[in-house]
Amino acid sequence: AQTVTQSQPEMSVQEAETVTLSCTYDTSENNYYLFWYKQPPSRQMILVIRQEAYKQQNATENRFSVNFQKAAKSFSLKISDSQLGDTAMYFCAFMKYNTDKLIFGTGTRLQVFP
Amino acid sequence: GAVVSQHPSWVICKSGTSVKIECRSLDFQATTMFWYRQFPKQSLMLMATSNEGSKATYEQGVEKDKFLINHASLTLSTLTVTSAHPEDSSFYICSARTGPGLAGLGAFYEQYFGPGTRLTVT
């Protein structure tokens with residue numbers, strides 16, 4: 001069975017600074033997706049970024065980028081130039097190919113301070 | 001685009017009664033919808049997957065007779081919590097995706113999430 005672990009329950013960062021959220025996962029699969037989702041206080045989950053396991057290049061979306069280390073089964077999220085609107089819960093998630101099942105980590109609560 | 005709504009956003013019901021939660025895709029046709037449960041300060045756990053016109057597929061440990069799921073159209077899925085008890089109190093979130101099949105190499109169909117429904121059973 002696949003598991004996703006987020007070891008940082010809470011993080012804080014000052015506005016305009018950079019923060020990195022950690023995620024590790026365990027799987028015997030070779031083909032899968034990894035995701036970072038944001039859940040703001042409104043509770044609506046938003047996809048931040050996704051990575052396909054077969055791609056060696058790390059995914060980036062504007063201020064958000066990942067460091068994907070397949071051998072180490074590590075998938076961290078870096079938020080650059082943090083903004084107050086980045087304050088939210090961030091969930092790392094795994095999905096293997098040919099399924100619809102998202103497996104979520106326990107989340108990291110990020111607080112951005114002015 | 002890709003908006004998913006849920007109704008109600010918050011419901012309080014008495015123990016032993018049933019409550020229905022609706023999930024709608026507002027601007028796209030959802031071939032597949034998903035229901036998740038989120039306990040306070042915890043992760044989302046998939047409860048079941050439903051395809052339009054088919055019976056839902058429940059995850060292990062989820063009571064199908066207690067959590068009735070109906071996906072009657074390409075834009076509407078409902079979750080009915082039957083004979084609710086205080087331990088059913090939780091935050092229920094639905095998601096929906098388009099796409100003819102499952103995600104695979106080069107084929108990804110994003111799940112769009114609703115805002116959730118908070119259920120409190122007294």
Side-chain angles (χ1 to χ4, degrees), chain A residues 1-11 21 23-25 29-57 59 61 88-111, chain B residues 2-6 9-10 23 26 30-51 54 56-62 71 90-119:
Chain A
Q2 290 80 26
T3 58
V4 178
T5 302
Q6 293 178 251
S7 59
Q8 305 154 315
E10 294 184 1
M11 295 278 286
L21 308 184
C23 173
T24 59
Y25 59 96
E29 300 289 330
N30 196 45
N31 297 316
Y32 51 87
Y33 287 94
L34 293 164
F35 309 87
W36 279 97
Y37 280 89
K38 171 184 177 181
Q39 188 180 40
S42 66
R43 303 300 292 269
Q44 188 142 15
M45 298 281 284
I46 302 165
L47 177 62
V48 175
I49 198 165
R50 79 169 187 267
Q51 173 84 39
E52 281 198 70
Y54 81 92
K55 291 185 177 178
Q56 293 185 340
Q57 188 172 6
E61 285 288 341
M89 280 288 287
Y90 286 83
F91 291 96
C92 179
F94 170 99
M95 183 170 71
K96 67 179 184 180
Y97 277 8
N98 298 317
T99 74
D100 271 323
K101 184 173 181 176
L102 281 165
I103 299 170
F104 288 91
T106 51
T108 296
R109 182 174 300 279
L110 176 66
Q111 179 74 49
Chain B
V3 178
V4 176
S5 70
Q6 282 185 241
S9 57
W10 192 9
C23 175
L26 298 185
T31 52
T32 307
M33 287 183 164
F34 309 85
W35 288 95
Y36 294 85
R37 185 171 178 176
Q38 185 178 28
F39 290 101
K41 297 185 179 180
Q42 292 191 29
S43 187
L44 281 75
M45 299 294 292
L46 180 65
M47 298 174 65
T49 302
S50 71
N51 293 292
S54 303
T57 302
Y58 291 81
E59 294 298 305
Q60 194 170 7
V62 177
H71 191 163
S90 190
F91 195 68
Y92 292 88
I93 302 174
C94 74
S95 69
R97 72 157 178 85
T98 59
L102 298 171
L105 182 63
F108 173 73
Y109 307 108
E110 184 173 343
Q111 288 187 31
Y112 299 97
F113 286 81
T117 296
R118 181 172 302 283
L119 170 63

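Each chain gets a letter, A, B and so on, in the order its sequence line appears, and its residues count up from 1. Quick caveat: nothing in here was measured; it's all calculated off a predicted structure.
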Worked verdict on A/Phe104 versus B/Gln38 for side-chain contact (heavy atoms from CB on, under 4.5 Å) | CA-CA 11 Å; A/Phe104 288 91; B/Gln38 185 178 28; over 6 Å; no
Distance (rounded to the nearest 0.5 Å) between [X] [atom1] and [Y] [atom2]:
X        : Y        : atom1 : atom2 : value
A/Ile46  : B/Phe113 : CD1   : CZ    : 11.0 Å
B/Glu110 : A/Phe35  : CD    : CZ    : 8.5 Å
A/Asp100 : B/Asn51  : CG    : CG    : 7.5 Å

For B/Ile93, the option from A/Arg43, A/Gln44, A/Gln39 that meets side chain to side chain contact (heavy atoms under 4.5 Å, CB included) = A/Gln39
Among the options B/Gly116, B/Ser9, B/Ser95, B/Ser43, pick out the one with the most heavy-atom pairs lying under 4.5 Å from chain A.
->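 Ranked by heavy-atom pairs under 4.5 Å with chain A, first place is B/Ser43.
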Side chain / backbone / both / neither for [X] at chain A, heavy atoms under 4.5 Å:
X       : value
B/Gln42 : backbone
B/Leu46 : side chain
B/Thr32 : side chain

Within a strict 4.5 Å, meaning less than it, do heavy atoms of the B/Phe34 and A/Leu102 side chains meet?
->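 Not in contact.
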In terms of heavy-atom contacts, does CE of B/Met45 have more than 12 from other residues, nucleotides or ligands at under 6.0 Å?
-> no
Name the option with the most non-hydrogen atom pairs under 4.5 Å to chain B; the candidates are A/Gly107, A/Ala53, A/Gly105.
->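 Looking at each of A/Gly107, A/Ala53, A/Gly105 in turn, A/Gly105 comes out on top.
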When the 4.5 angstrom heavy-atom criterion is applied to A/Tyr37 and chain B, the contacting part is side chain
Taking only Lys NZ, Arg NE, NH1 and NH2, and the carboxylate oxygens of Asp or Glu, determine whether A/Lys101 and B/Glu59 approach each other closer than 4.0 Å.
-> yes
